[in-house]
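Because the structure is a prediction, the values reported are computed rather than measured.
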Amino acid sequence: MVAGDDVSGNITLKIDDVPWDEALDFIMMTKELGKYQTGNVTLISPLDKIKDYKEKQQKMEEVVEKSDALITEYLKINFAKAESFKSLLNGLDTGAFGSCGNDTTTTSSLGLSSNSNTSSNNDPTQQNQNSVSRSLTSQLSNTINTQNQTQNGINSEEKRLLSTRGSAIVDSRTNTLIVKDTAKKLDDVKKLIHRLDVPVQQVMIESRIVIADDSFARNLGVKFGAGKQGALDASTNYATGGKGTTGDISSGNSVLKDSLFDLGAQSMGSTPPAALGMTLVRGADYVLNLEVSALQSNGRGESISNPRVMTMNRCTAYIIQGVQVPYVTLPTVVANGSSSSSVPTVTFKDATLALNVTPQITPSGSVLMNLVIKKDNVNETASIGLNGNKVLDKREIKTSVLVEDGETIVLGGVYEDNDSITKNKVPFFADLPFVGDLFTNSAKTSAKKELLIFVTPKIVKDNQATQ
């Protein structure tokens, strides 16, 4: 410890179990002194002299730095992008350049295509569009760089990790960072790369979309018919009843075509109801017939979809499977009767199973996820009679959730329960005791459907990722 010539005076103090460096700080505070430490040597002097000494030392280091020879180093980047390290060395935030791929997120949202330069060079219109796209992309990049340089009111030159003479360029083909600077600065750059160029953790996100349905339908009804027997010729009989029907002359069979009233069970889809017919009364030339029809249907179904995707920490990933459904739009007819379009137009809509997720691993080992899960499918039953166009059943959930590693959580669900009872009956007769059911048609339907969505994140260990 070296005391300057201006350090003098007496002080009275009493300390007990106080470290010497803390006591020294209090003594310097009371006497308006400061210290400058280099290695194991500490200089004690008045504050203004310490400030002057530090300024002179800084100027001397700048002079020495400007006089040092520049050395070029070729630093191979293994896990990150060399462009990101170049941004860090120049005092810029790498968030604008992304860590999951090329810098195309922002330009894609503006409708700028990175593949626009692959179009034909002979098309002047396409060349003009490519030029405009490149110009907009350049302006956007300059804007991002300016925002990063002025972030928090601090100039990026003050945050540069390189010296004023230093420079860094990137070879994208080999992902190599070429740095030219003094030996001291190159050591700092190597330490930075060694600390930050590490593999990023990966997450496997697995989701399950479960659709379960249970349906029940029952239909019960009766038919009454009456007929009179008469002679059509010497050898053939026929029956008339209800609205007046005739028999089959060629076969000689008597067929009852109509009924007094029809409350028979209705078909369910392509399945006809079962029927039991009988003759209630036969006398003279008349006959009274009864037909009882009934149909019951039970159905159970379960659909499980299991999309899964692996991605790096804080990187968005998505997986899609499905079809595109065409929709035909007829020409629009204007007031004068002419059509504004000569042919129908066809557009396509996606009917897909999709999983879109952005995971973030927390220090505690949990996974914070931004999720969009959807499952659309074509409803063939509802699509009948729509000029060939299809009806889509849509199921989608968008949420953010925090889940422990390896645990399964229910994101949400929808439960539907539809019950209906329908009765058709003949007035007065249907209200009679005991025989009222013979003049009634009853239908009962019940449908239950449940949708559940599960998700399970699993952090991939280093040994699992290398296998």
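Among residues two or more places apart in sequence or in another chain, the side-chain hydrogen bond (donor to acceptor under 3.5 Å, both in side chains) test is passed with Thr456 by Thr408. With sequence neighbours excluded, no residue forms a salt bridge (Lys or Arg N to Asp or Glu O under 4.0 Å) with Arg173. Applying the side-chain contact (heavy atoms from CB on, under 4.5 Å) rule to Arg308 yields the partners Met204, Glu206, Asn306; only residues at least two apart in sequence or on another chain are considered. Evaluation of the side-chain contact (heavy atoms from CB on, under 4.5 Å) rule for Lys180 yields Leu70, Thr72, Ser167 as partners, not counting sequence neighbours. Annotation: side-chain contact (heavy atoms from CB on, under 4.5 Å) contacts of Asp405 (sequence neighbours excluded): Lys458, Ile459, Lys461. Remark: Ala183 pairs with Ile71 by the side-chain contact (heavy atoms from CB on, under 4.5 Å) rule, at least two apart or across chains. Partners of Ser163 by side-chain hydrogen bond (donor to acceptor under 3.5 Å, both in side chains), not counting sequence neighbours, listed by chain and number: Asp181.
Between Ala317 and Val309, the shortest heavy-atom distance links the atoms CB-CG2, 3.8 Å. Shown here for Val222 and Phe439, the closest heavy-atom pair between the two residues is CG2-N, 4.3 Å. Of all heavy-atom pairs between Val346 and Pro326, the closest is CG1-CB, 4.0 Å. Contact between Ala294 and Leu220 at its shortest, heavy atoms only, is CB-CD1, 3.6 Å. Of all heavy-atom pairs between Gly413 and Leu452, the closest is CA-CD2, 4.1 Å. Scanning both residues, Pro457 and Val203, for their nearest heavy atoms gives CB-CG1, 4.3 Å.
Atoms OG and CG, on Ser215 and Asp213 in that order, are 6.5 Å from each other to the nearest 0.5 Å. Between Glu83 atom CD and Leu92 atom CG the span is 13.0 Å, to the nearest 0.5 Å. Distance CZ/Phe85 to CG/Leu161: 11.0 Å, rounded to 0.5 Å. Once rounded to the nearest 0.5 Å, the distance linking CZ of Arg218 with OG of Ser442 reads 7.0 Å. With rounding to the nearest 0.5 angstrom, the CG atom of Leu75 is 8.5 Å from the OG1 atom of Thr176. The distance from atom CE of Met312 to atom CD of Gln201, rounded to the nearest 0.5 Å, is 12.0 Å.
Taking 4.5 Å as the limit, every side-chain heavy atom of Ile209 sits out of range of all side-chain heavy atoms of Arg395. Contact annotation: the side chain of Leu371 never approaches that of Ile397 to less than 4.5 Å [non-hydrogen atoms, C-beta and beyond].
Within a 6.0 Å sphere centred on OH of Tyr415, heavy atoms belonging to other residues, nucleotides or ligands number more than 12. More than 12 non-hydrogen atoms from other residues, nucleotides or ligands lie less than 6.0 angstrom from NZ of Lys76.
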message = Assess the residue pair Leu177 and Leu89 against the criterion (side-chain contact (heavy atoms from CB on, under 4.5 Å)); give the C-alpha distance rounded to whole Å, side-chain angles, the decisive distance to 0.1 Å, and a yes or no.
response = CA-CA 11 Å; Leu177 185 65; Leu89 297 180; 3.8 Å; yes

request  = Determine, stepwise, if the pair Thr182 / Arg165 fulfils side-chain contact (heavy atoms from CB on, under 4.5 Å).
outcome  = CA-CA 9 Å; Thr182 61; Arg165 297 189 301 157; 3.9 Å; yes

message = I'd like to know whether Lys390 forms a side-chain contact (heavy atoms from CB on, under 4.5 Å) with Asn379, so could you lay out the CA-CA distance, the side-chain angles of the two residues, the decisive distance to 0.1 Å, and finally the verdict.
response = CA-CA 7 Å; Lys390 303 295 184 180; Asn379 191 328; over 6 Å; no

Name each donor-acceptor pair under 3.5 Å that joins a side chain in residues 350-363 to protein atoms two or more places apart or in another chain, with its distance.
{"unit_1": "Asp350", "atom_1": "OD1", "unit_2": "Gln324", "atom_2": "NE2", "d": "3.1"}
{"unit_1": "Thr358", "atom_1": "OG1", "unit_2": "Thr316", "atom_2": "OG1", "d": "2.6"}
{"unit_1": "Thr362", "atom_1": "OG1", "unit_2": "Ser364", "atom_2": "OG", "d": "3.1"}
{"unit_1": "Thr362", "atom_1": "OG1", "unit_2": "Ser366", "atom_2": "N", "d": "3.1"}
{"unit_1": "Thr362", "atom_1": "OG1", "unit_2": "Ser366", "atom_2": "O", "d": "3.2"}

Between side-chain atoms of residues 189-200 and protein atoms elsewhere (two or more places apart, or another chain), which donor-acceptor pairs fall under 3.5 Å?
{"unit_1": "Lys190", "atom_1": "NZ", "unit_2": "Glu73", "atom_2": "OE2", "d": "3.3"}
{"unit_1": "Asp197", "atom_1": "OD1", "unit_2": "Phe79", "atom_2": "N", "d": "2.9"}
{"unit_1": "Asp197", "atom_1": "OD1", "unit_2": "Ala80", "atom_2": "N", "d": "3.2"}
{"unit_1": "Asp197", "atom_1": "OD2", "unit_2": "Asn78", "atom_2": "N", "d": "2.8"}

Using atom types as modelled, flag every donor-acceptor pair under 3.5 Å from a side chain in residues 417-432 to any protein atom, sequence neighbours excluded.
{"unit_1": "Asp419", "atom_1": "OD1", "unit_2": "Ser446", "atom_2": "OG", "d": "2.7"}
{"unit_1": "Ser420", "atom_1": "OG", "unit_2": "Thr445", "atom_2": "OG1", "d": "2.3"}

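Between the side chain of Asn219 and the backbone N or O of Ala443, no donor-acceptor pair lies under 3.5 Å.
Residue pairs meeting the salt bridge (charged side-chain N to carboxylate O under 4.0 Å, His left out) criterion with at least one member in residues 369-379, sequence neighbours excluded: Lys374-Asp376, Asp376-Lys394. Under the salt bridge (charged side-chain N to carboxylate O under 4.0 Å, His left out) criterion, the residue pairs touching residues 295-305 are Asp214-Arg300, with sequence neighbours excluded.
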